[in-house]
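To start, the structure under review is shown below, and the notes come after it.
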Amino acid sequence: MSWLAALAMLGVWQAVTAAIQHPYFPTPAMIADTAWHIWFSGADAWRTDILPSVGRLLTGWLLAAMVGVPAGLALGRSLTATAYASMVLFLARATPATLLLPVFLLIFGIGSAMETAIILWGSIWPILLNTIDGARAVDDVQTDTARAFRVSRLQWVFLVVVPAAGPRVMTGLRMSLGLAMILMVVSEMVGTGSGIGFRLTTAQNQFATVEMWAWIVLISIVGYVLNTLLRLVERRILAWHLGFTRQAGH
């Protein structure tokens with residue numbers, strides 16, 4: 001059904017833009033033709049722009065997950081540590097990552113290191129905060145049972161805390177992926193000479209409207225593909241969870 005809705009939307013878009021013929025709003029057919037020329041007429045766009053952008057996006061996002069999940073589990077199971085860190089976490093979370101672009105430019109300079117760092121910084125907070133909430137949600141009965149059976153600390157973390165926090169961790173990962181996409185584009189607009197964001201800005205400055213729309217569509221496609229892959233991973237990892245079990249049964 002979702003594909004039918006998408007096709008219907010494209011049909012309406014094509015009909016409306018063909019009727020008004022506005023230079024700033026090309027038809028989907030024009031965008032598709034330009035996109036095919038940019039993306040597949042030679043490998044330069046993939047080698048110099050698309051793959052490096054996706055690589056920086058995934059690197060920053062995965063690093064955020066590698067830091068945010070363990071830190072969130074540790075803070076979530078320690079009320080004292082959370083109390084001490086809550087003010088710092090609030091201030092850091094309340095500062096938009098885009099405002100720190102000049103700082104990251106001074107520290108890392110122009111290039112992939114700066115872009116990866118800003119993606120890491122901006123996308124870590126949903127992961128960290130959701131993991132903290134998930135780690136706090138461990139049922140008291142589970143904790144008492146683990147103590148009764150003298151489960152080791154490591155076993156308790158991986159067999160009790162991690163499964164209990166799993167749904168919230170995946171929620172944080174999904175939220176952070178969207179932020180990582182935004183930060184990838186924004187950082188490439190100001191901090192590099194290549195990438196999807198750079199090509200988008202270049203097309204805008206040159207008033208190449210159709211090409212600009214082609215890069216916007218590519219960003220949407222990349223986001224959709226990555227989100228779909230993450231959902232598949234989530235369904236497999238959380239197959240035991242009641243909500244996913246019910247969904248699979250329909």
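Everything numeric here is computed off the predicted structure, so don't read it as measured data.
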Exercise. Which of these passes side chain to side chain contact (heavy atoms under 4.5 Å, CB included) with W61: L120, I124, L230?
Worked result: L230
Problem set entry | For A65 against L173, the heavy-atom pair lying closest together | CB-CD2, 3.7 Å
Problem set entry | Flag, side chain of W46 to backbone of W39, donor-acceptor distance under 3.5 Å | yes
Exercise. What pair of heavy atoms forms the shortest contact from S176 to S123, and how long is it?
Worked result: CB-O, 3.0 Å
For this session: Can you see which heavy atom on M114 is nearest to which on S187, and at what distance?
Result: CE-O, 4.0 Å
Exercise. Among V186, V190, L101, which one satisfies side chain to side chain contact (heavy atoms under 4.5 Å, CB included) with I118?
Worked result: L101
For this session: Examine I182 and I50 and state if one hydrophobic cluster contains both, with Ile, Leu, Val, Met, Phe, Trp and Tyr joined whenever side-chain heavy atoms are less than 4.5 Å apart.
Result: yes
Problem set entry | Minimum-distance pair of heavy atoms, taken over all atoms of L57 and L226 | CD2-CD1, 3.3 Å
Exercise. Which word best sums up how the rings of F108 and F104 line up, parallel for under 30°, tilted for 30 to 60°, or perpendicular for over 60°?
Worked result: parallel
Exercise. What heavy-atom pair brings A135 and G76 nearest, and what distance separates the two atoms?
Worked result: CB-CA, 3.8 Å
Exercise. If you take all heavy atoms of G122 and P126, which pair is closest and at what distance?
Worked result: O-CD, 4.0 Å
For this session: Kindly indicate whether the side chain of L179, heavy atoms from C-beta on, has any atom under 4.5 Å from the side chain of M175.
Result: no
For this session: Group every Ile, Leu, Val, Met, Phe, Trp and Tyr by side-chain heavy-atom contacts under 4.5 Å, then state whether L183 and V54 land in the same group.
Result: yes
For this session: Would you check, one step at a time, whether the test side-chain contact (heavy atoms from CB on, under 4.5 Å) holds for I31 with I216?
Result: CA-CA 10 Å; I31 296 172; I216 292 173; over 6 Å; no
Problem set entry | Worked verdict on V210 versus D33 for side-chain contact (heavy atoms from CB on, under 4.5 Å) | CA-CA 9 Å; V210 183; D33 181 69; over 6 Å; no
Problem set entry | L75/L128 under side-chain contact (heavy atoms from CB on, under 4.5 Å): CA gap, chis, key distance, verdict | CA-CA 9 Å; L75 289 171; L128 178 63; 4.3 Å; yes
Problem set entry | side-chain contact (heavy atoms from CB on, under 4.5 Å) assessment of N130 paired with V169 | CA-CA 6 Å; N130 276 279; V169 171; over 6 Å; no
For this session: Examine distances only and state if a side-chain atom of S53 and a backbone atom of I196 form a donor-acceptor pair shorter than 3.5 Å.
Result: yes
Exercise. Using 4.0 Å as the upper bound for N to carboxylate O, is an ion pair formed by E188 and R56?
Worked result: yes
